[in-house]
Amino acid sequence: MMAADVTCLALTKTFFHPYLLPLKALYFFQIGATACIIPYIPLFLQSLGLNAAENGIIFGVLPFVAMLSKPTAGALMDKLKAPYLVLRVFVLIELTFISAIYFIPALPGPTLPFPVYNISCLFNSSTSTELQAIVESGGGNFTCLYRVSTVEESYQNETFYEISLIEELRQANYSDCECSWLPFPRGNASDDIVQWTMQFWLTGLILIVGWFGYGAVFTLGDAIAFHVLESSPIPTTYGSSRCFGTLGYAVFSLIIGLLMDSFSETSAAADRDFVPSFATFVVAGFCGIVVSFFLRHEKGSVVGKQAEAMARQDSVAVEKGHTDSLAKVSLWTLLTADVVLFWSGIFVNGACTGMLYGYLTWYQSELGASSLLMGITIFAQCAFETPMMATSGWVIGKLGYHGCMLMALVSFGIRFIGYSYLVDPWYILIIEVTHAFGFGLFYANMSCFAFDKAPPGATGTLQGILGATYEGIGQGVGGLVAGFLYYEYGGRNTWRGYGILALGFATLYAVLAFFLRKRAQTAKTVDFPLQHKQN
């Protein structure tokens, strides 16, 4: 018993060692700051008068910007030999430009009622009167989708656009009915989906610069973390420090949700007060800058010298003839059927993630969710994600890489289809358990796959290809397409469509993975888990 207590005490001292506290605090504030603003940017764009398609264009471009910023920031850090200074500069760029969109004026025009969704034909007379007043304002489109079943005949998926027909429908023996009212965009009365207003251009261009800093900060933070951990006086791991970033994201999401609810009059985007979000984002970001001055890195450490020696040996090996083989590896050996199939799964997963990042809070707001519920949702995602990441090695060992990818795809299908049937916004917390598989398991699986499947000398290449596909191409295309679908068909249909896509692709993926496995068995090869390779 005493031995166990001593071990626990030793682990605690190691976990909170003074040398590592600044790094843990850096992750806490750096990633926590993003929780204050990133999930709420779609809602802020909505409050400016931008529509779903315009939001989709912006969130379709931003992932590509973040993807380009990572190698640029890394090269700049290597050239200047001043990683801490470069980190602080990019944090300032992120804070300055992302927070600057707060000062962009909203589109001119009358304040319209918030979109109305999920109105059943069973609504009472008071709700009917309220909806009647909204529809008669003439500022939007009214639609009812219903199914009527009688003894003689059945009509499915009928649609009408006149609210006066509701009374007739109320007297019929129907089985289901959903009505909605969507306001026309403010500003330009053009029928164009994208109206290219000043607000659109200003917001997009400012966010592009800020997102460049946002993407660079994550890359620089990780690079500095490995330098700090390399010279640590005690044994430690990257994950033991990085988990404080997840903790910061969860804590700040709750704080912002509570503050925004306290400051806002209603849950509508037009009435939501974004001051707490922007202010806390700036404060947390500056706390990260301050903490960075306390980071220590002993350049002369034995570990550092050994790492430098290994790096020199690797560079000599490349110069002696491995350059040509690496080029061949990049073009031919990497693109095996196994890698291409996994790569396609990453793209679809990235597209679903782009939809999630761009429209989850947008959709929650349409359902009438409060800012606090949005914060609790993010907290729940972190709570489900963390234990899955911690146990991902065991899961990958049991299911294999393709099995874990299949679980991630299926989880997105279940998640999005579940979103499409939500009426009470609080039920989203039950659905969010799927985040453990769609992100927690997926991300660990992607990283392990690149390490395990890449030929010698090409691990970084494969990791870069897969990461760029997920964070850049996948999320960019997914967010862009989702914007136009959301504008044309609404949130429910878009979530349902993406969910069906994920499940359909998961079925195809399972079939192809089955044939690959059969072929591998014929060739007497096995899809070994990561730990087998290490052994």
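- Between the side chain of T386 and the backbone N or O of A383, no donor-acceptor pair lies under 3.5 Å.
- Checking V61, N55, L62 one by one against I58, the side chain to side chain contact (heavy atoms under 4.5 Å, CB included) holds for a single residue, L62.
- Taking the side chain as every heavy atom from C-beta outward, I428 and L360 approach each other to under 4.5 Å.
- Identified under the salt bridge (Lys or Arg N to Asp or Glu O under 4.0 Å) test for residues 32-52, with sequence neighbours left out: none.
- Dense packing is recorded around CZ of F416, with more than 12 heavy atoms of other residues, nucleotides or ligands lying under 6.0 Å away.
- Panel note: side chain T280, backbone S277; no donor-acceptor pair is recorded below 3.5 Å.
- Every side-chain contact (heavy atoms from CB on, under 4.5 Å) that I473 has, sequence neighbours left out, goes to F64, F347, V477.
- Looking at F218 and T34, their side chains come closer than 4.5 Å, going by heavy atoms from C-beta outward.
- The nearest pair of heavy atoms linking Y359 to G56 is OH-N, 2.9 Å.
- Inter-residue side-chain proximity for M67 and T469 is flagged as unmet; no heavy-atom pair is nearer than 4.5 Å.
- I104 meets the side-chain contact (heavy atoms from CB on, under 4.5 Å) test with L48, I101, Q199, L202, T203, I206; sequence neighbours excluded.
- Surrounding CZ of F384 are more than 12 heavy atoms belonging to other residues, nucleotides or ligands, all under 6.0 Å away.
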I'd like to know whether M374 forms a side chain to side chain contact (heavy atoms under 4.5 Å, CB included) with L43, so could you lay out the CA-CA distance, the side-chain angles of the two residues, the decisive distance to 0.1 Å, and finally the verdict. CA-CA 11 Å; M374 295 177 190; L43 290 181; 3.5 Å; yes
Mind running side chain to side chain contact (heavy atoms under 4.5 Å, CB included) on W201 and T197 for me, showing each step along the way? CA-CA 7 Å; W201 285 110; T197 59; over 6 Å; no
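- A donor-acceptor contact closer than 3.5 angstrom links the side chains of Y419 and R415.
- In this structure, F44 has its ring center closer than 6.0 angstrom to the ring center of F278.
- Distance alone, capped at 3.5 Å, is enough to place a donor-acceptor pair between the D261 side chain and the S371 backbone.
- Applying the ring pair (Phe, Tyr, Trp, His ring centres under 6.0 Å) rule to W211 yields the partners Y214; only residues at least two apart in sequence or on another chain are considered.
- Nearest approach of G221 to Y27, heavy atoms of both residues: O-OH, 3.7 Å.
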For the pair F29 and I289, evaluate side chain to side chain contact (heavy atoms under 4.5 Å, CB included) and give the outcome as yes or no after the intermediate values. CA-CA 9 Å; F29 288 113; I289 293 177; over 6 Å; no
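- Counting heavy atoms from C-beta on, the side chains of L23 and F244 never come closer than 4.5 Å.
- Counting only residues at least two apart or in different chains, salt bridge (Lys or Arg N to Asp or Glu O under 4.0 Å) contacts with residues 468-486 comprise K70-E471.
- When the side-chain contact (heavy atoms from CB on, under 4.5 Å) test is applied to L68, no partner is found at least two apart in sequence or on another chain.
- For T494, there are no side-chain hydrogen bond (donor to acceptor under 3.5 Å, both in side chains) partners two or more places apart in sequence or in a different chain.
- Between Y486 and Y363, the angle of the ring planes goes over 60°, which puts this pair in the perpendicular group of the 30/60° scheme.
- Side-chain contact between D338 and H402 is present, with heavy atoms from C-beta onward closer than 4.5 Å.
- When all heavy atoms are compared, the tightest approach of G345 to L409 is O-CD2, 4.1 Å.
- Listed by first then second residue, pairs satisfying salt bridge (Lys or Arg N to Asp or Glu O under 4.0 Å) with a partner in residues 381-392 number zero, not counting sequence neighbours.
- With sequence neighbours excluded, no residue satisfies ring pair (Phe, Tyr, Trp, His ring centres under 6.0 Å) with Y498.
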Kindly indicate, with the supporting measurements, whether the criterion side chain to side chain contact (heavy atoms under 4.5 Å, CB included) is fulfilled by M260 and I255. CA-CA 9 Å; M260 288 184 67; I255 293 174; over 6 Å; no
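- Shown here for N51 and A53, the closest heavy-atom pair between the two residues is OD1-N, 3.0 Å.
- Between T353 and F412 there is a side-chain heavy-atom pair separated by less than 4.5 Å.
- The structure places SG of C352 at 14.5 Å from CZ of F439, a figure rounded to the nearest 0.5 Å.
- Considering all non-hydrogen atoms of both residues, I431 and T434 come closest at O-OG1, 2.8 Å.
- Counting only distance, with no hydrogens or angles, the side chain of Y84 and the backbone of L295 share no donor-acceptor pair below 3.5 Å.
- By the side-chain hydrogen bond (donor to acceptor under 3.5 Å, both in side chains) test, Q381 pairs with E432, sequence neighbours left out.
- Contact check for L373 versus S370: side-chain heavy atoms found under the 4.5 Å cut-off.
- Taking 4.5 Å as the limit, every side-chain heavy atom of F281 sits out of range of all side-chain heavy atoms of I38.
- For F442, the ring pair (Phe, Tyr, Trp, His ring centres under 6.0 Å) test picks out Y470, with sequence neighbours left out.
- Aromatic pair F28/F252: centroids less than 6.0 angstrom apart.
- Within the 3.5 Å criterion, the main-chain N or O of Y40 finds no donor-acceptor partner in the side chain of T361.
- Atom CD1 of I224 sits about 4.5 Å away from atom CG of L87, to the nearest 0.5 Å.
- Sorted by first and then second residue, the salt bridge (Lys or Arg N to Asp or Glu O under 4.0 Å) pairs with a member in residues 42-60 form an empty list; sequence neighbours excluded.
- Considering all non-hydrogen atoms of both residues, P39 and Y249 come closest at CG-OH, 3.6 Å.
- With S99 contributing its side chain and T96 its backbone, the two residues share a donor-acceptor pair below 3.5 Å.
- Using modelled atom types, no side-chain atom of N445 and backbone atom of C404 make a donor-acceptor pair closer than 3.5 Å.
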